[in-house]
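Contents: one structure, followed by commentary.
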Amino acid sequence: MTQIEFKNVCKRFSEKRVALYDVNFKVKKGDFVFLVGKTGAGKTTVLRHIYMELFPDEGDVLWEGISTRKMRKSEILKVRRKMGIIFQDLKLLLNRTVSENIEFVLRLSGEKEVKPRIWQVLHNVGIVGEAQVIAGELSRGELQRLAVARAIVTSPEILLADEPFGNINKDDAIEILKILMNFNSSGSTVIIATHNVELLGEVKKKRVIEIDEGRIINEY
Amino acid sequence: MSTKFYLNELAYLWKRSRVEINFLFLLFFLSGLFFTLYLSGYTYLANLRSKVYETAFCKVFLQEGVPDDYIVFLKDFFEKDPDVKDVRFVDKESALKEFKSRFPRYEELLKLFKENPLPINFELKFKNELLKRRSLEEKLEFFSQFPYVETVQSNYDFVLRLDRIINTLFFVAVFLFVFFTVIFIPILSSITRTILQKEFHLFELIELLGYDTKKAIWTIGIAAFVPAFIASLILAGITLIIDSVAPFSGKLLYAIPLFILFIQLLVLVDSTKP
C-alpha cells in the first residue's frame, strides 16, 4: 500500500532558489528509505513536505492517496499524530529532564500509563540511566537517542528522521540506525534523510533515493 | 489531549518563571494597595467634606429697625440666588432660643440686657459649586454691602481647607495614576513577554507533533494572568474590609482590582503576538 507519493513536486523558495524540481517517488508502508544527498540538496525540504510544514508550488504530495494541499488544518494535525519526527535541530526541551521530554509527548497524546512507557522507550534507546538528567547536560549522541525515543514512544505509523547521525561518532550512529531498523521491523515506515552514505551498507533491505540540487538523480 | 498535560505545563511555567511571576504579583499588589489606601483616604476626606458642608452655614446679620418689606425682599433675593441651597430666616425670638440652646452657660449674660440683643439674621447654606475660596469670599463681600446688613459671618473655613486638601490629593492622584500607567505598561509588557517567550517554542513543537496549540496558548496565558488575578483577589478582600468598617462607601475602590485585571488582559493579548 502506497503511504506517500510525490507527483511532479516543485518547490521554489524564491525566483532563483528552486528547492525541489519535478520530484517523483513512492513510499510503501513498511519501507526503509534513505534520502541521501549533499547538504542543501533538498532532503529536509522533502521531509517538510511529508509532515506538511511545506506544500508544493507545483505537483502533489499524497498521503495515503489524499493530496496534502487539500487537507484542512485539523486533518493535517491528525496525520502528523501518525508520524514520529526526529528534527534536524532535535527540538528537545533542554531545560527538562530526559523522562520529562518523553512525558511531554505522552501527556500531550493523552496517554495514561506514562511511567512504564517512558522506562521502556529509554531502555530501548539505551539511555535509561539518564532518565533524570536534564537534557541540556547530555552529549550529542545521547541527545540523538532522546530525539529517537521521543519520536517512537507513541508507536507512529511512519518515522521521519532528518540527519539523525549528524555530529555523532560512527558507533553511536550505528546504534541509532539499529534502533530505527528495529522500529521498522515492527511494520512502521522509516524515512531517513542523511548525507552520511557510509551507513547505507548496514541496512540490507532498504530503498535509497539520491537527491542533488532538488532533483532525484538516482533511486534503487 | 490530557488535562494533566496542561496542568503539568502550568506547573513548569510557574517553576521556570517564578522570579518574573513573583515580581508581577508584587508589582500589582503593592501598587494596587497604594492606590486602594490612597483612594480610601481621598474618599474619607471627600465624605467628611460633604458632612461638614452639610452643617456649615453663612449668617447675614441685619441691623436693628430693618423694614419688614426689605426682609421679604432679601429672603426672595437669597432664594433666587443660584449658589444658595437653603435659606432660613431667624427672627429675634428664634435667635434667642438658638443662643440658649447652643450656649446654655452664657444664658445669664443675656439678663444684663433690657431687650433681646440678638440681631435678626438669615442663615444661608451654599451649594457645592461655591466651594472656591475666592467665589465664597466674593459672595460674602457682596452680601455685606447690602443696605441694613450689619455683618456677614460664615463657618466655611474648615470645609474650604478640606476642599483644598482634597483637590490637591486629586491632582496628585491623577499625576501618580498617569505616571504609574505610563511606567507600568512597558514593564508589565516586558515581564509578560519574557514569561511567554520562554514558551513560544512549545507552540511550534506541539503543532509539529500534531496537536492544536489553542489550549497551550490558553494555559500559558492563564499562568501569566494568575499574578494579576491573585493580587486583585487580595485587593478586593481588603476593599471589602474597608467597605464594611469605613464610614463611607468603598464601592469605588473595587475599580482598582478591576483595572489591574483589565490592564493585564490587554498586555497579555498584546504579548501573545510572537
Side-chain angles (χ1 to χ4, degrees), chain A residues 44 47-48 50-54 63 71-97 99-115 117-118 134-136 147 150-154 156-160 162, chain B residues 1-25 189-227 268-269 271-274:
Chain A
T44 300
L47 291 186
R48 288 172 77 192
I50 296 174
Y51 63 78
M52 287 165 275
E53 197 187 16
L54 292 177
W63 167 265
M71 285 185 188
R72 285 175 298 175
K73 192 174 176 186
S74 60
E75 289 169 317
I76 291 170
L77 294 178
K78 199 174 168 185
V79 173
R80 277 187 192 161
R81 290 202 284 274
K82 296 177 183 176
M83 298 175 177
I85 309 170
I86 301 164
F87 300 98
Q88 195 168 11
D89 60 354
L90 304 182
K91 295 194 193 302
L92 292 167
L93 306 170
L94 296 177
N95 52 358
R96 300 192 193 188
T97 65
S99 65
E100 283 167 348
N101 267 273
I102 308 295
E103 189 180 350
F104 181 86
V105 186
L106 289 173
R107 294 262 185 236
L108 192 61
S109 64
E111 184 68 49
K112 298 231 167 29
E113 292 292 309
V114 170
K115 297 285 179 213
R117 294 283 293 272
I118 294 173
I134 299 290
R150 190 184 65 183
I152 64 175
V153 71
T154 50
E157 289 178 19
I158 179 167
L159 183 78
L160 307 173
D162 195 357
Chain B
M1 273 188 268
S2 157
T3 311
K4 201 163 179 187
F5 169 77
Y6 294 104
L7 291 175
N8 266 359
E9 287 310 304
L10 210 64
Y12 270 119
L13 191 140
W14 279 328
K15 209 166 119 186
R16 202 161 45 252
S17 302
R18 60 180 176 273
V19 174
E20 290 90 344
I21 283 175
N22 288 342
F23 184 69
L24 262 189
F25 169 77
S189 187
S190 160
I191 299 169
T192 310
R193 265 181 186 278
T194 308
I195 295 171
L196 295 182
Q197 272 175 359
K198 284 184 191 172
E199 312 302 324
F200 277 146
H201 68 287
L202 283 186
F203 301 156
E204 187 199 2
L205 181 62
I206 288 169
E207 203 162 278
L208 286 172
L209 292 172
Y211 297 91
D212 197 18
T213 52
K214 272 183 205 147
K215 283 184 187 173
I217 293 171
W218 271 100
T219 306
I220 289 162
I222 287 168
F225 195 67
V226 161
L268 204 56
V269 169
S271 304
T272 47
K273 292 169 194 159

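Throughout, protein chains are lettered first and strands after them, A, B, ... in sequence-line order, and every chain is numbered starting at 1.
Ranked by non-hydrogen atom pairs under 4.5 Å with chain B, the options K73(A), K82(A), E103(A) are led by K73(A). Of the residues considered (E53(A), E100(A), M52(A)), E100(A) shows the highest number of contacts with chain B, using heavy-atom pairs under 4.5 Å. Interface summary for chain B: among V105(A), I76(A), N95(A), the most heavy-atom pairs under 4.5 angstrom belong to N95(A).
Considering only heavy atoms from C-beta on, K91(A) stays 4.5 Å or farther from H201(B) through its side chain. L202(B) is listed as a side-chain neighbour of F104(A), based on a closest heavy-atom distance under 4.5 Å. Two residues are said to be in side-chain contact when any heavy atoms from C-beta on lie closer than 4.5 Å; I21(B) and V226(B) fail this criterion. Using a 4.5 Å heavy-atom cutoff, the side chains of W63(A) and I158(A) are in contact.
For K112(A), no part sits under 4.5 Å from any heavy atom of chain B, backbone or side chain. The contact between E9(B) and chain A is made entirely by side chain atoms (from C-beta outward), counting heavy-atom distances below 4.5 Å. Of the two parts of L93(A), only the side chain, counted from C-beta on, holds a non-hydrogen atom closer than 4.5 Å to a non-hydrogen atom of chain B. Contact annotation for L209(B): both backbone and side-chain heavy atoms come within less than 4.5 Å of a heavy atom of chain A. For F87(A), the part sitting under 4.5 Å from any heavy atom of chain B is the side chain, from C-beta outward, and nothing else.
No more than 12 heavy-atom neighbours from other residues, nucleotides or ligands sit within 6.0 angstrom of CZ on F23(B).
When every heavy atom of F203(B) is checked against every heavy atom of T213(B), the shortest pair comes out as O-CG2, 3.1 Å.
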